[in-house]
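Below you'll find the structure, written out as structure tokens, and then a few comments.
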Amino acid sequence: MHDFTYRPQSPRTVFGAGALVHLEREIDLLGAQRALVLCTPGQVAQAQQVAERLGARAAGIFARAEMHVPIEAARAARDEARRLGADCAVAIGGGSTIGLGKAIALDSGLPILAIPTTYAGSEMTPIYGITEAGLKTTGRDARVMPRTVIYDPALTLPLPVPLSMTSGINAIAHAVEGLYAPDGNPIMDLMAEEGIRALARALPAIHQRADDMEARGDALYGAWLCGSVLGNVSVALHHKLCHTLGGSFKLPHAETHTVVLPHALAFNLPQVPAAAARIARALGGVAPHTVAGVLYDLAQSVGAPVALRDLGLREADLDRACELALTHQYPNPRPLEKAPLRALLQRAYEGQRP
Ligand SMILES: NC(=O)C1=CN([C@@H]2O[C@H](COP(=O)(O)OP(=O)(O)OC[C@H]3O[C@@H](n4cnc5c(N)ncnc54)[C@H](O)[C@@H]3O)[C@@H](O)[C@H]2O)C=CC1
Ligand SMILES: O=C(O)/C=C\C(=O)CC(=O)O
């Protein structure tokens, strides 16, 4: 038997191919009249599609979302929302765009409707991140949790295949760490296992055929499950390493998750047999002691990166990365010591199979 406390935190979720048709209804349910639509410069066409659907209730489009939410973009978006008298924000895009919406909500309490187009999972979490003077601060705050999420796999069809692969593995990482989180619970375990299963099934299919709607739907379903896990439990060494490498060495987010995950999991595996058993089941019934290697093989088989050196990290940075990862540690099942952590980073740098 488990001992646990479970207080679900989840936005209203509408899921399905073509689900964008429900946007007006969902805006009505929020009681909103003027929506500011957020996107990156690369997703203006999708933002226009949203604005057209909203008609007179589209207050405008703010197309300056970028990775890790620079404070300048957050301030400009807040000003624009005020100037236009927006009473809600619709964020269409990946974690960067949803993160911009969260930065507005943190300040103003503006309700966010998220339409995720990657598998990163930010839409399901009360976690925000803002970067100021080169330093990224993250935190949890109920105000930033989107009120409504519309998942429409059709909107993920243009997501480039390489980013689809790494973004999917970013999602798997949330579930893996959820399975050994000290504040986990049986519901999260079920969601994590099913999320890994869905993504491990979907990614090879999308790799073969980018417009496979069935697989796109499966991947987004997995992203919903894995994002929900991230929103409800704390994360450990794997996320700490990725935040260190992304924050201090500017490594790309999803790619870094993809490279680090097999190594962080191998490091913790002896301490987490129950998690290993669930991951093994989700990966098709492999032996639990092999799951880290199987995740490495999954990444390699879909053409995703497996070495930090291929993401722009220099070998000379490894000592500093190790030091930073040892400061302000996240709770981790295996105590962190310098030598094994440095060795982990070396293996990830070289792209060795764990
Ligand atoms: N707060 C949270 O809970 C979480 C936050 N994040 C944050 O999110 C950021 C990364 O988000 P990601 O989703 O990985 O990438 P992203 O949002 O930066 O998107 C990467 C690129 O792909 C483009 N793109 C996205 N969807 C597309 C589509 N369907 N078709 C064509 N192009 C598309 C975007 O416009 C962008 O240029 C990081 O800053 C990370 O820290 C990530 C996960 C959870
Ligand atoms: O860094 C943030 O914006 C907050 C959380 C995450 O990015 C989660 C992750 O590492 O995927």
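Indexing begins at 1, ligand by ligand and atom by atom, following the structure's order.
- In terms of modelled atom types and a separation under 3.5 Å, the side chain of D218 and the main chain of A202 share no donor-acceptor contact.
- Below 4.0 Å from some heavy atom of I127 lie the following atoms of ligand 2, by number and element: 4 (C), 5 (C).
- Of all the heavy atoms of H257, the ones lying under 4.0 Å from any atom of ligand 2 belong exclusively to the side chain.
- Checked by atom type and distance alone, the side chain of S167 pairs as donor or acceptor with a backbone atom of Y119 at under 3.5 Å.
- Put simply, the side chain of K102 reaches to within 4.5 Å of the side chain of P146, judged on heavy atoms.
- Ligand 1 places these atoms under 4.0 Å from at least one heavy atom of L163: 20 (C), 21 (C), 22 (O).
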Exercise. Could you go step by step and tell me if E66 and S96 meet the side-chain contact (heavy atoms from CB on, under 4.5 Å) rule?
Worked result: CA-CA 5 Å; E66 58 177 287; S96 298; 5.8 Å; no
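- Here the heavy atom of the protein found nearest to atom 10 (C) of ligand 1 is M67 SD, 3.5 Å.
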For this session: Show the numbers, then the answer: is there a side-chain contact (heavy atoms from CB on, under 4.5 Å) between R143 and Y128?
Result: CA-CA 10 Å; R143 278 177 305 178; Y128 64 87; over 6 Å; no
For this session: Walk me through it: do V37 and L54 pass the test side-chain contact (heavy atoms from CB on, under 4.5 Å)?
Result: CA-CA 10 Å; V37 182; L54 288 173; 4.3 Å; yes
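- Taking 4.0 Å as the cut-off between side-chain N and carboxylate O, R353 and D297 count as a salt-bridged pair.
- Protein heavy atom at the shortest distance from atom 6 (C) of ligand 2 is H243 NE2, 3.5 Å.
- Near K136, meaning under 4.0 Å from one of its heavy atoms, ligand 1 places the atoms 39 (O), 41 (O).
- Looking at T156 next to ligand 1, no N or O pair under 3.5 Å apart turns up.
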Problem set entry | Working for side chain to side chain donor-acceptor pair (under 3.5 Å), residues E350 and Q346 | CA-CA 6 Å; E350 291 172 8; Q346 188 70 38; 2.8 Å; yes
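- By the rule that hydrophobic residues join a cluster once side-chain heavy atoms approach within less than 4.5 Å of another member, Y349 and F267 end up as members of one cluster.
- Against a heavy-atom cut-off of under 4.0 Å, T40 is close to the following atoms of ligand 1: 34 (C), 35 (O).
- Close contacts between ligand 2 and T138 involve ligand atoms 1 (O), 2 (C) [criterion: under 4.0 Å to a heavy atom].
- Not less than 6.0 angstrom separates the ring centroid of H263 from the ring centroid of H238.
- Contacts of N170 with ligand 2, taken as heavy-atom pairs under 4.0 Å, involve the side chain alone.
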For this session: Verify side-chain contact (heavy atoms from CB on, under 4.5 Å) between D317 and R320, making sure each step is shown before the conclusion.
Result: CA-CA 5 Å; D317 292 328; R320 174 105 183 103; 5.6 Å; no
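- E177 and Y330 are not linked by any side-chain donor-acceptor pair at a separation below 3.5 angstrom, with hydrogens and angles left out of the test.
- Shortest contact from atom 29 (N) of ligand 1 to any protein heavy atom: L155 O, 3.0 Å.
- The ligand atoms of ligand 1 that sit less than 4.0 angstrom from a heavy atom of L230 are 3 (O), 44 (C).
- For the residue pair T117 / Q46, no side-chain donor-acceptor distance below 3.5 Å is found, with atom types taken as modelled.
- Residues R216 and I206 meet the side-chain proximity criterion, which asks for heavy atoms closer than 4.5 Å.
- Looking at N170 next to ligand 1, no N or O pair under 3.5 Å apart turns up.
- The distance from ligand 1 to the heavy atoms of P158 drops below 4.0 Å at these ligand atoms: 30 (N), 31 (C).
- Only the side chain of Q43 comes within contact range of ligand 1, with a heavy atom under 4.0 Å; no backbone atom does.
- For ligand 1 and H68, the ligand atoms under 4.0 Å from any heavy atom of the residue are 38 (C), 39 (O), 41 (O).
- Counting only heavy atoms of the protein, atom 4 (C) of ligand 1 lies nearest to S122 CB, 3.5 Å.
- For atom 12 (P) of ligand 1, the nearest protein heavy atom (residue, atom name, distance) is G95 N, 3.6 Å.
- In this structure the side chain of T256 never reaches within 4.5 angstrom of the side chain of L313, judged on heavy atoms.
- In the vicinity of K136, heavy-atom distances shorter than 4.0 Å reach the ligand 2 atoms 1 (O), 2 (C), 3 (O).
- Residue, atom and distance of the protein heavy atom nearest to atom 3 (O) of ligand 1 are T125 OG1, 2.6 Å.
- Within the 4.0 Å heavy-atom criterion, both parts of I127, backbone and side chain, lie near ligand 1.
- In summary, the atoms of ligand 1 found under 4.0 Å from a heavy atom of G94, numbered by their order in the structure, are 13 (O), 17 (O).
- Nearest non-hydrogen protein atom to atom 7 (O) of ligand 2 is H253 CE1, 3.3 Å.
- Within ligand 2, the atoms closer than 4.0 Å to a non-hydrogen atom of H174 are 9 (C), 11 (O), numbered from 1 in the order shown.
- Side-chain N or O atoms of D310 include none that pairs as donor or acceptor with a backbone N or O of P305 at under 3.5 Å.
- The distance criterion of under 3.5 Å between nitrogen or oxygen atoms is not met by H239 with respect to ligand 2.
- Nearest protein heavy-atom contact of atom 16 (P) of ligand 1 is S96 OG, 3.4 Å.
- Only the side chain of K102 comes within 4.0 Å of ligand 1, judged by heavy-atom distances.
- Where the criterion is an N or O separation shorter than 3.5 Å, residue side chain and backbone included, S167 fails it with respect to ligand 1.
- Within the hydrophobic cluster formed by Ile, Leu, Val, Met, Phe, Trp and Tyr side chains joined at under 4.5 Å, directly or through other members, I98 stands alone, with no partner residue.
- Protein heavy atom closest to atom 42 (C) of ligand 1, with residue, atom name and distance, is H253 NE2, 3.5 Å.
- With hydrogens and angles left out, the side-chain atoms of S108 and R82 include no donor and acceptor closer than 3.5 Å.
- Some N or O of T117 is nearer than 3.5 Å to an N or O of ligand 1, by distance alone.
- Protein heavy atom nearest atom 13 (O) of ligand 1, with residue, atom name and distance: T118 OG1, 2.6 Å.
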